[in-house]
Student: 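Pasting in a structure now, in structure tokens, and then I'll have a few things to ask.
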Amino acid sequence: MLHVRSGYPGRASLVLGTVLVVGADVAPLAGRFSTHMVQHLLLGDLGPLLLVLGLTGSIRLAHPFVALPVWSAVVVGWHLTPLYDAALDHVWLHQLEHLCFFVAGFLLWASILLESPPWFTAARKLPYVLLMWLVSLALSQVFIWSSHSYYSRYSVSDQRAGGGVMLIEGSFVMLGVVVWLLLRVLAESEARQRLLEGR
């Protein structure tokens with residue numbers, strides 16, 4: 001069950017995450033692929049990340065074996081040309097796309113940052129996060145290096161700029177998460193050592 005994290009930082013994170021998600025959803029950012037990418041990253045990555053940072057507890061659906069495959073399928077699937085172009089042409093489908101990005105991102109960050117199965121230690125979360133980054137990296141490279149536009153409304157240069165946005169945002173977020181996990185690995189190692197010394 002989820003609870004709001006006590007203290008000012010937790011509440012501030014919830015408020016900021018909510019503002020980012022709602023603001024990104026209503027903002028008219030679909031005119032260019034690069035700004036549309038910013039919108040999707042706010043809805044599916046940064047916004048959910050801030051919301052999860054403001055919570056404690058666990059979510060049953062946020063299991064490591066569920067969250068990453070679902071997130072990967074959502075991110076890649078909605079960028080396939082037929083779905084992406086259809087979402088641009090139909091408001092209801094565009095809103096469904098946004099909802100999918102948000103839910104998938106929220107579950108993924110919850111699986112990493114909230115209470116998780118005992119076997120899913122910080123050390124095991126490192127390769128998990130790496131797999132997450134590799135999905136984002138691969139998709140960004142497709143956009144950056146393609147010689148033609150995949151979508152009817154966007155130019156090749158705009159598509160490349162959007163890929164660059166995805167690459168930079170994903171790399172900075174992953175770097176921060178990896179540093180946090182490495183600190184957690186050290187803390188868990190020290191805790192085990194103290195436990196052994198106390199026996």
Side-chain angles (χ1 to χ4, degrees), residues 1-5 10 13-14 16-18 20-22 24-25 36-84 86-87 92-143 166-167 169-185 187-188:
M1 188 173 180
L2 292 177
H3 302 280
V4 176
R5 192 177 298 277
S13 184
L14 273 178
L16 184 55
T18 302
L20 280 183
V21 169
V22 174
D25 185 51
H36 204 183
M37 180 63 75
V38 171
Q39 182 182 51
H40 288 173
L41 292 172
L42 291 173
L43 283 166
D45 196 25
L46 295 178
L49 172 59
L50 288 170
L51 288 172
V52 170
L53 287 173
L55 300 170
T56 62
S58 62
I59 307 175
R60 183 170 296 180
L61 286 176
H63 190 280
F65 289 153
V66 175
L68 183 56
V70 167
W71 177 83
S72 301
V74 165
V75 170
V76 174
W78 278 108
H79 282 96
L80 296 177
T81 302
L83 272 179
Y84 198 98
W92 69 269
L93 191 59
H94 201 182
Q95 288 305 114
L96 177 61
E97 177 190 44
H98 286 183
L99 179 62
C100 289
F101 280 137
F102 172 75
V103 171
F106 186 87
L107 292 178
L108 183 63
W109 286 121
S111 72
I112 297 168
L113 301 174
L114 297 182
E115 292 178 14
S116 53
W119 60 266
F120 198 42
T121 61
R124 287 175 175 163
K125 288 178 181 179
L126 282 168
Y128 189 84
V129 167
L130 179 60
L131 284 174
M132 175 186 174
W133 179 70
L134 286 175
V135 172
S136 176
L137 175 66
L139 190 56
S140 71
Q141 296 305 299
V142 170
F143 295 138
M166 189 179 203
L167 174 64
E169 187 272 347
S171 298
F172 273 104
V173 171
M174 287 304 104
L175 179 61
V177 174
V178 166
V179 170
W180 177 78
L181 285 174
L182 288 173
L183 293 175
R184 288 289 304 273
V185 168
E188 290 177 1

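Quick caveat: nothing in here was measured; it's all calculated off a predicted structure.
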Student: Using a 4.5 Å cut-off on heavy atoms from C-beta on, say whether the side chain of V74 contacts that of F102.
Tutor: no
Student: Out of curiosity, L42 CG to E169 CD, how far, rounded to the nearest 0.5 Å?
Tutor: 8.0 Å
Student: Taking the six-membered ring where the residue is Trp, are the ring centres of W119 and F65 under 6.0 Å apart?
Tutor: yes
Student: Nearest heavy-atom pair of L53 and S13: which atoms, and what distance?
Tutor: CB-OG, 3.5 Å
Student: Describe, in one word, how the ring planes of H94 and H40 are oriented to each other, choosing from parallel (under 30°), tilted (30 to 60°) and perpendicular (over 60°).
Tutor: perpendicular
Student: A110 and I59: which non-hydrogen atoms are nearest, and at how many Å?
Tutor: CB-CD1, 4.0 Å
Student: Considering all heavy atoms of both residues, which atom of L50 and which atom of G17 are nearest to each other, and what is their separation?
Tutor: CB-CA, 3.7 Å
Student: Write down the atom of P48, the atom of F106, and the distance for their closest heavy-atom approach.
Tutor: CB-N, 3.5 Å
Student: When rounded to the nearest 0.5 angstrom, what distance separates CG in L130 from CG in L181?
Tutor: 11.5 Å
Student: For the pair Q141 and L167, evaluate side-chain contact (heavy atoms from CB on, under 4.5 Å) and give the outcome as yes or no after the intermediate values.
Tutor: CA-CA 8 Å; Q141 296 305 299; L167 174 64; 3.9 Å; yes
Student: So which heavy atom on L114 is nearest to which on G57, and how close?
Tutor: CB-O, 3.3 Å
Student: Where do Y128 and P64 come nearest, in terms of heavy atoms and distance?
Tutor: OH-O, 2.9 Å
Student: Distance from R124 atom CZ to L126 atom CG, nearest 0.5 Å?
Tutor: 12.0 Å
Student: Below 4.5 Å, heavy atoms only, C-beta onward: do L14 and L55 meet side chain to side chain?
Tutor: yes
Student: Which value, rounded to the nearest 0.5 Å, describes the distance between L68 atom CG and L108 atom CG?
Tutor: 6.0 Å
Student: What distance separates Q39 CD from L20 CG, expressed to the nearest 0.5 Å?
Tutor: 12.5 Å
Student: Is there side-chain contact between Q95 and D25, with heavy atoms separated by less than 4.5 Å?
Tutor: yes
Student: Looking at S116 and S111, would you say the former's side chain and the latter's main chain have a donor-acceptor pair under 3.5 Å?
Tutor: no
Student: Quick one: do V75 and M132 satisfy side-chain contact (heavy atoms from CB on, under 4.5 Å)? Show the steps, please.
Tutor: CA-CA 11 Å; V75 170; M132 175 186 174; over 6 Å; no
Student: Begin with the C-alpha distance, continue with both residues' side-chain angles, and end with the deciding distance and a verdict on side-chain contact (heavy atoms from CB on, under 4.5 Å) for L137 and M174.
Tutor: CA-CA 11 Å; L137 175 66; M174 287 304 104; over 6 Å; no
Student: Taking the six-membered ring for Trp, are F101 and H79 parallel (under 30°), tilted (30 to 60°) or perpendicular (over 60°)?
Tutor: tilted
Student: Less than 4.5 Å apart, side chain to side chain, heavy atoms only: is that true for F120 and H63?
Tutor: no
Student: Considering only heavy atoms from C-beta outward, does the side chain of L49 approach that of L113 to under 4.5 Å?
Tutor: yes
Student: Determine, step by step, whether W180 and V129 satisfy the side-chain contact (heavy atoms from CB on, under 4.5 Å) criterion, reporting the C-alpha distance in whole Å, the side-chain angles of both residues, the deciding distance to 0.1 Å, and the verdict.
Tutor: CA-CA 11 Å; W180 177 78; V129 167; over 6 Å; no
Student: Once you round to the nearest 0.5 Å, how far does CE of M166 lie from CZ of F143?
Tutor: 6.5 Å
Student: Check whether any side-chain N or O of S136 sits under 3.5 Å from a backbone N or O of W133 as a donor-acceptor pair, and report yes or no.
Tutor: no
